Amino acid sequence: MRLFQFYSLFLFVLLLLQCQSATEESNANKEPISLSPDYDLTLPERPNILWIVAEDLSAYLPMFGDSTIETPNLSRLAAEGVCYDRFFSPAAVCAPARSAIATGMYPTHIKTNHMRTGPWFVDSLDQERIQAYSSMAMPDGLVTYESVPPPEVKMMSEYLRKAGYYCTNNAKRDYQFVSPVTAWDESSQQAHWKNRVDRQPFFAVFNIEVTHESRIWAKQNDSLWIDENADIEVPPYLPDNEVGRRDIRRMYSNVKEMDAQAGAIIAELETAGLMDNTIIFWYTDHGGPLPRQKRLLYDSGIHVPMIVRFPNGQYKMQRDSQLLSFIDLAPTVLSIANVEPPAHMDGKAFLGQYKQDESADYVFAAADRFDGLYDANRASRDDRYKYIRYFMPEKPMLLPVRYREGQPIMQELNRLHEVDSLTPEQALWYRATKPEEELFDIWNDPHELTNLAKDPSHQEKLEELRVACNDWLESIDDNPLQPEAEIIQAMWPDMKQPTTAAPEIAMENGKIKLSSATEGASIGYRFMEVGEQPDFSNWQVYTAPIEPQPGQQLWVRAHRIGYQGVTVSEMME
């Protein structure tokens, strides 16, 4: 009897330990160990900063818990750096998200939130090309327009250039406004940090497009980088059939290809002997390329992976679970470069000399017009729960978007809907109307399928996140129901773009002084041979009177973001 009791007790203790181990493993997945915001980093005074940005990608990567494929280059980066587990975009689509990255401001704060406002990925000097693109489709009664942020708002890279950094962008520029010539030393498919002079510190951005949603259908007939029968997990909101699995395998194949491209960029840095003088950021510009991901405020649309590698193996193989947003990138990069972030930025530095000591309690996101169809959705999220408010609940959950409709997997969802064969999880996206509010427990419902907004046991959390969302809207003066025409009218009176005051050239104490009467105008200049025409690159940022160069043609351009820029030239005697 005693032996039986002993074995019974032994089995009970063993089972208890197993359950505890499973619980700890589960909690480890839900609550990543958080590094202190007060990183004790040892950095060069002005380190190089490299950004590698993949498009349209959620955390389908082994270092973030998805073992479907191997990504040797990103896995190495993660082994040598910090993985950020709670990093979010304030918009689930590229141009609004990129405006937040470039300025440190919420898109809804600077009115870059509607997708897309114009053809602003073209060169700001190429007026003919801009006019050619201006016929793009816009809702009735609207003109293509550039958003006009407050006058103090500049692109982050301009601050870095003023601090002596060589700034390159390869090569996306759709920020919802034309980037001034002061933003980049180079911005093209050939832009590269290696073109800088001597040992000038650099900030270099490389955008990798192969993971973009359009590559799901554009690369349908290309060979895969993975086994064509590879075992994959299909999210419950997508069709688990041959069509669905084929597109998901294509997504993973594109991720493999992106990993190779990222590895080639890192290899260039390593070959040049710059790894220990460079901070490498790898992240994605918003959530995944598949249906019910990009453009939606679920985590599949706004939760993105980020890896940061610091010099000399500092904090390698660590994880960070602070709540961070794209608006924090600009002030953080400035802080790393020992440049004090401007007070007007919405974001806060989480690294560097000016890092903030306290982590954020919430992150926020918004979704508005896509193509010609309007919606108005806002979200607040803490470490566990997501709140979404739908300001147009009378509209259907699913609004068609041209890019997404080109995917076979989206066409398959539409076909299943037409024949009434959607699963309950898939059918949620096809609801004819929306609830006014949604609340999700991300830990227990990672795909956000069970709305807890009317659950009595979650009313306290609902109210907390509702208040946080409302406070955020008030703090940035965001009215989600404001007609876009009114937004344009406030920025462009009579729907006409304002023009920057022409730059003035004056001599003062033997030096050239440049100015513009427009508040917030950036001024760039170039000396060139007589008769040469300037292009988009190699403009210098004017910060103080400059030495004349006799026999050269001085070109000067004044440009406030959202205004038309104005260029003048003068022959130097």
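This structure is a prediction, so every number in the text was calculated from the model and none was measured.
The main-chain N or O of His286 is never found under 3.5 Å from a side-chain atom of Ser89 such that the two would form a donor-acceptor pair. Lys154 contributes a side-chain N or O that, together with a main-chain N or O of Gly520, makes up a donor-acceptor pair within less than 3.5 Å. Of the possible donor and acceptor atoms, one in the side chain of Ser58 sits under 3.5 Å from a partner among the backbone N and O of Ser300. Of the possible polar contacts, none joining the Glu448 side chain to the Leu439 backbone as a donor-acceptor pair under 3.5 Å is found. Side chain of Arg404 to backbone of Met410: no donor-acceptor contact under 3.5 angstrom is found. Within the 3.5 Å criterion, the main-chain N or O of Ser214 finds a donor-acceptor partner in the side chain of His212. At distances below 3.5 Å, not a single donor-acceptor pair connects side-chain atoms of Asp85 with backbone N or O atoms of Ser321. Without hydrogens or angle criteria, Asp259 side chain to Leu74 main chain gives a donor-acceptor distance under 3.5 Å.
Few gaps surround CD on Glu242; more than 12 heavy atoms of other groups in view lie less than 6.0 Å from it.
Closest of all the heavy-atom pairs between Phe326 and Asp285 is CE2-O, 3.2 Å. In terms of heavy-atom proximity, Pro480 sits nearest to Asp368 at O-OD1, 4.2 Å. Across all their heavy atoms, Gly287 and Lys294 have their closest contact at O-CB, 4.4 Å. Heavy atoms only, all atoms of each residue included: Ile488 and Met495 are closest at CG2-SD, 3.3 Å. Closest heavy-atom contact between Thr103 and Ala330: C-CB, 4.2 Å. Here the shortest heavy-atom pairing between Leu50 and Ile265 reads CD2-CG2, 4.1 Å.
Ion pairing between a basic and an acidic side chain is recognised when a charged N comes within 4.0 Å of a carboxylate O; Lys434 and Glu394 show no such pairing. Ion pairing of Arg86 with Asp320 is absent here, as no side-chain N (NZ or NE/NH1/NH2) approaches a carboxylate O to less than 4.0 Å. A salt bridge does not link Asp375 to Lys395: none of the charged nitrogens lies less than 4.0 Å from a carboxylate oxygen. At a threshold of 4.0 Å, the pair Arg369-Glu484 counts as salt-bridged, since one of the basic side-chain nitrogens sits closer than that to a carboxylate oxygen. Under 4.0 Å is where a charged nitrogen must lie from a carboxylate oxygen, and between Asp299 and Arg381 at least one such pair does. Look at Arg98 and Asp174 and you find a salt bridge, because one of the NZ, NE, NH1 or NH2 atoms lies within 4.0 Å of a carboxylate O, short of that distance.
Every residue was checked against the ring pair (Phe, Tyr, Trp, His ring centres under 6.0 Å) condition with His109, not counting sequence neighbours, and none meets it. Qualifying salt bridge (Lys or Arg N to Asp or Glu O under 4.0 Å) partners for Asp455, counting only residues two or more places apart in sequence or in other chains: none. Applying the side-chain contact (heavy atoms from CB on, under 4.5 Å) test to Gln497 and every residue at least two apart in sequence or in another chain returns Glu146, Trp492, Gln564. Evaluation of the side-chain contact (heavy atoms from CB on, under 4.5 Å) rule for Glu486 yields Gln482, Pro483 as partners, not counting sequence neighbours. Shown here are the ring pair (Phe, Tyr, Trp, His ring centres under 6.0 Å) partners of Tyr252, two or more places apart in sequence or in another chain: Tyr60. Every residue two or more places apart in sequence or in another chain was checked for a salt bridge (Lys or Arg N to Asp or Glu O under 4.0 Å) with Asp66, and none qualifies. Applying the salt bridge (Lys or Arg N to Asp or Glu O under 4.0 Å) rule to Arg466 yields the partners Glu437, Glu463; only residues at least two apart in sequence or on another chain are considered. Every residue two or more places apart in sequence or in another chain was checked for a side-chain hydrogen bond (donor to acceptor under 3.5 Å, both in side chains) with Arg389, and none qualifies. Among residues two or more places apart in sequence or in another chain, the side-chain hydrogen bond (donor to acceptor under 3.5 Å, both in side chains) test is passed with Glu209 by Arg215. In this structure, the salt bridge (Lys or Arg N to Asp or Glu O under 4.0 Å) partners of Arg295, at least two apart in sequence or on a different chain, are Glu213.
Under the 4.5 Å side-chain criterion, counting only non-hydrogen atoms from C-beta, His344 is in contact with Val153. Using a 4.5 Å heavy-atom threshold, the side chains of Asp247 and Trp217 count as separate.
How far CG of Asn414 is from CD1 of Ile409: 11.5 Å, rounded to the nearest 0.5 Å. For the atom pair CG of Asn73 and NZ of Lys256, the computed distance is 9.0 Å after rounding to the nearest 0.5 Å. For the atom pair CG of Leu61 and CD1 of Ile69, the computed distance is 6.5 Å after rounding to the nearest 0.5 Å.
Sequence neighbours left out, the pairs with a member in residues 408-427 that pass salt bridge (Lys or Arg N to Asp or Glu O under 4.0 Å) are Glu412-Arg415. Sorted by first and then second residue, the ring pair (Phe, Tyr, Trp, His ring centres under 6.0 Å) pairs with a member in residues 362-385 read His114-Tyr374, Phe364-Trp472, Tyr385-His458; sequence neighbours excluded.
A cation-pi arrangement is present between Arg292 and Tyr298, with the terminal nitrogen or guanidinium carbon under 6.0 Å from the aromatic centre and inside a 45° cone about the axis.
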Requested in this report: Go through the steps to decide whether Ser99 and Thr112 satisfy the test side chain to side chain donor-acceptor pair (under 3.5 Å), and finish with yes or no.
Outcome: CA-CA 7 Å; Ser99 72; Thr112 56; 2.7 Å; yes
Query raised in the report: Hey, mind stepping through His303 and Phe87 against ring-ring contact (aromatic ring centres under 6.0 Å, His included) and telling me if it holds?
Result: CA-CA 6 Å; His303 184 201; Phe87 184 48; 8.9 Å; no
**Report entry** Verdict with reasoning, Tyr145 to Gln489, per side chain to side chain donor-acceptor pair (under 3.5 Å)
**Finding:** CA-CA 10 Å; Tyr145 68 96; Gln489 182 66 32; over 6 Å; no
Requested in this report: Verify salt bridge (charged side-chain N to carboxylate O under 4.0 Å, His left out) between Asp441 and Lys386, making sure each step is shown before the conclusion.
Outcome: CA-CA 7 Å; Asp441 179 352; Lys386 162 81 65 60; over 6 Å; no
Query raised in the report: Should Glu228 and Arg249 be marked as a salt bridge (charged side-chain N to carboxylate O under 4.0 Å, His left out) after you check the CA-CA gap, both sets of side-chain angles, and the distance that decides it?
Result: CA-CA 7 Å; Glu228 63 180 12; Arg249 289 190 184 104; over 6 Å; no
Report task. Start with the C-alpha gap between Glu438 and Arg431, add the side-chain angles, then the distance that decides, and say whether salt bridge (charged side-chain N to carboxylate O under 4.0 Å, His left out) holds. Result -> CA-CA 14 Å; Glu438 288 183 325; Arg431 284 174 285 177; 3.3 Å; yes
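Paired with Tyr283 under the rule side chain to side chain contact (heavy atoms under 4.5 Å, CB included), one option of Ile307, Leu57, Ile101, Val308 passes, and it is Ile101.
For the 3.5 Å distance criterion, the side chains of Ser522 and Glu158 qualify, holding a donor opposite an acceptor.
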